[in-house]
Novice: 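A single structure is presented below for examination.
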Amino acid sequence: MIEIAPSLLAAPFGDLSASVATVLTAGAQVIHVDIMDGQFVPPITFGSNMVTLAKSLGSPVVEAHLMTVSPERHLETFAEAGADRIIVHQEATPHLHRVLGRIKQLGISAGVAINPGTPASLLREVIEITDVILVMTVNPGWGGQPFIPKCLEKVREIADIINERGAATLIEVDGGVNDLTIPQCVTAGASLLVTGTALFAAQNVATRFRELQSIARNG
């Protein structure tokens, strides 16, 4: 099933609880929480408390996207906060295989994210132990950036590797996901679509979520 994953980075900070409740009521199955440390990317955003909030409001899956240096330092913290999935950046740790193994030891789903400038081939050695591969379709750090079309080639390449290996790994995309780019991402092989500005900028967020979900599932 193809899922739209609302990104809280784009939600109004004044009442994040209401934003989470709105998209959950509209049918969201995955809530995406961007954790930025001011080092791997310039901004600083949420901590583990945002994961706890989303989980406490009934989100079936809360994924913590760690845009942090040395993400292995924070795995236990986010697992204890209630994360169902932890996504780390390939560029952020020299011990990716070990980190993914540790996430799975904690009993949760393990994901790897790659930036637009990172080749997909670097993930060949961890495909079998990775539950989700997140392809950044913008350079990480800020919402509202334009989609980088060339990243679709990477989505297709990863889909081919997954098929070759017979792996059950899912492909997720994050950045510039909207009405126009959703069908392109799905056609390329993505089944999880992180959506921020295109969702939360709408006057009626619940209606907008259902529109985007319909586009993702029906074209």
Side-chain angles (χ1 to χ4, degrees), residues 5 7 9 30-52 54-55 61-142 148 151 153-175 189-192 194:
S7 170
L9 182 65
V30 180
I31 298 295
H32 188 88
V33 183
D34 288 304
I35 310 299
M36 303 184 190
D37 64 354
Q39 296 182 66
F40 183 71
V41 291
I44 297 173
T45 55
F46 310 118
S48 60
N49 58 331
M50 193 54 59
V51 169
T52 301
K55 199 63 187 174
V61 175
V62 179
E63 54 183 22
H65 178 189
L66 303 189
M67 291 182 239
T68 68
V69 296
S70 303
E72 56 269 20
R73 298 176 299 162
H74 308 296
L75 304 181
E76 286 77 9
T77 297
F78 282 93
E80 291 168 3
D84 300 285
R85 178 181 301 131
I86 296 177
I87 301 170
V88 300
H89 269 261
Q90 186 277 337
E91 306 88 357
T93 177
H95 305 293
L96 182 59
H97 191 281
R98 181 191 304 166
V99 171
L100 293 171
R102 178 56 184 153
I103 295 172
K104 295 177 84 70
Q105 285 177 353
L106 293 169
I108 58 181
S109 177
V112 181
I114 53 173
N115 290 337
T118 301
S121 59
L122 292 180
L123 300 179
R124 284 184 175 273
E125 302 306 318
V126 296
I127 287 286
E128 284 85 358
I129 63 167
T130 304
D131 299 300
V132 172
I133 292 176
L134 172 58
V135 177
M136 293 298 303
T137 42
V138 300
N139 286 290
W142 296 272
I148 301 173
C151 292
E153 296 177 13
K154 208 176 324 188
V155 175
R156 287 189 285 267
E157 182 180 350
I158 293 169
D160 287 342
I161 297 171
I162 291 170
N163 289 332
E164 288 170 9
R165 301 286 182 85
T169 313
L170 301 177
I171 301 175
E172 185 168 19
V173 294
D174 183 0
S191 57
L192 292 169
V194 179

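Starting from 1, each residue takes its place in the sequence as its number.
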Novice: Taking all heavy atoms of Ile108 and all of Ala83, pick out the closest pair and write down the distance.
Specialist: CG2-O, 3.4 Å

Novice: With side-chain hydrogen bond (donor to acceptor under 3.5 Å, both in side chains) as the rule and sequence neighbours excluded, what pairs involving residues 89-102 come up?
Specialist: His65-His89, Glu72-Thr93, Glu76-Arg102, His89-Glu91, His89-Asn115, Glu91-Thr118, Arg102-Gln105

Novice: May I ask you to test the Ile44-Met36 pair for a side-chain heavy-atom distance under 4.5 Å?
Specialist: no

Novice: Does any part of the side chain of Ile86, heavy atoms only, come nearer than 4.5 Å to the side chain of Leu66, both counted from C-beta?
Specialist: yes

Novice: Return each pair, listed once, that meets side-chain hydrogen bond (donor to acceptor under 3.5 Å, both in side chains) where at least one residue sits in residues 155-168; pairs must be two or more places apart or across chains.
Specialist: Glu128-Arg165

Novice: Minimum heavy-atom separation for Val51 and Ala64, please, with both atom names.
Specialist: CG2-CB, 4.1 Å

Novice: Are any side-chain N or O atoms of Arg73 and backbone N or O atoms of Val69, one a donor and one an acceptor, separated by less than 3.5 Å?
Specialist: yes

Novice: Does Asp84 reach the side chain of Val30, with side-chain heavy atoms less than 4.5 Å apart?
Specialist: no

Novice: Is there a side-chain contact between Leu170 and Ile133 (heavy atoms, below 4.5 Å)?
Specialist: no

Novice: Taking only residues at least two apart or on different chains, which pairs with a member in residues 32-42 satisfy salt bridge (Lys or Arg N to Asp or Glu O under 4.0 Å)?
Specialist: none

Novice: Holding to salt bridge (charged side-chain N to carboxylate O under 4.0 Å, His left out), I want the full list of residues that pass it with Glu63, two or more places apart in sequence or in another chain.
Specialist: Arg85

Novice: Are the side chains of Leu100 and Val112 in touch, meaning some heavy atoms are under 4.5 Å apart?
Specialist: yes

Novice: Of all residues at least two apart in sequence or in a different chain, which pass the salt bridge (charged side-chain N to carboxylate O under 4.0 Å, His left out) check with Asp131?
Specialist: Lys104

Novice: Applying side-chain contact (heavy atoms from CB on, under 4.5 Å), name anything that partners Ser48, two or more places apart in sequence or on another chain.
Specialist: Thr77, Phe78, Ala81

Novice: Could you tell me whether a side-chain N or O of Thr137 sits under 3.5 Å from a main-chain N or O of Asp174, the two making a donor and an acceptor?
Specialist: yes

Novice: With Gln39, which residues qualify under side-chain hydrogen bond (donor to acceptor under 3.5 Å, both in side chains), at least two apart?
Specialist: none

Novice: Taking all heavy atoms of Ile103 and all of Ser109, pick out the closest pair and write down the distance.
Specialist: CG2-O, 3.5 Å

Novice: Side-chain contact, heavy-atom cut-off 4.5 Å: Leu192 with Leu134?
Specialist: no

Novice: How many angstroms lie between atom CD of Glu125 and atom OG1 of Thr130, to the nearest 0.5 angstrom?
Specialist: 11.0 Å

Novice: So, does Thr169 use its side chain to make a donor-acceptor pair with the main chain of Val132 at under 3.5 Å?
Specialist: no

Novice: Tell me, please, which residues at least two apart from Glu153 pass salt bridge (charged side-chain N to carboxylate O under 4.0 Å, His left out).
Specialist: Lys150

Novice: Can you name the closest pair of heavy atoms from Ala167 and Ile127 and give their distance?
Specialist: CB-CG2, 3.7 Å

Novice: Any side-chain heavy-atom pair from Val155 and Ile171 closer than 4.5 angstrom?
Specialist: yes

Novice: Rounded at 0.5 Å granularity, tell me how far OG in Ser121 sits from CD1 in Ile161.
Specialist: 7.0 Å

Novice: Can you list the residues that meet the side-chain contact (heavy atoms from CB on, under 4.5 Å) rule with Pro116, with sequence neighbours excluded?
Specialist: Met136, Asn139, Pro140, Ile148, Cys151

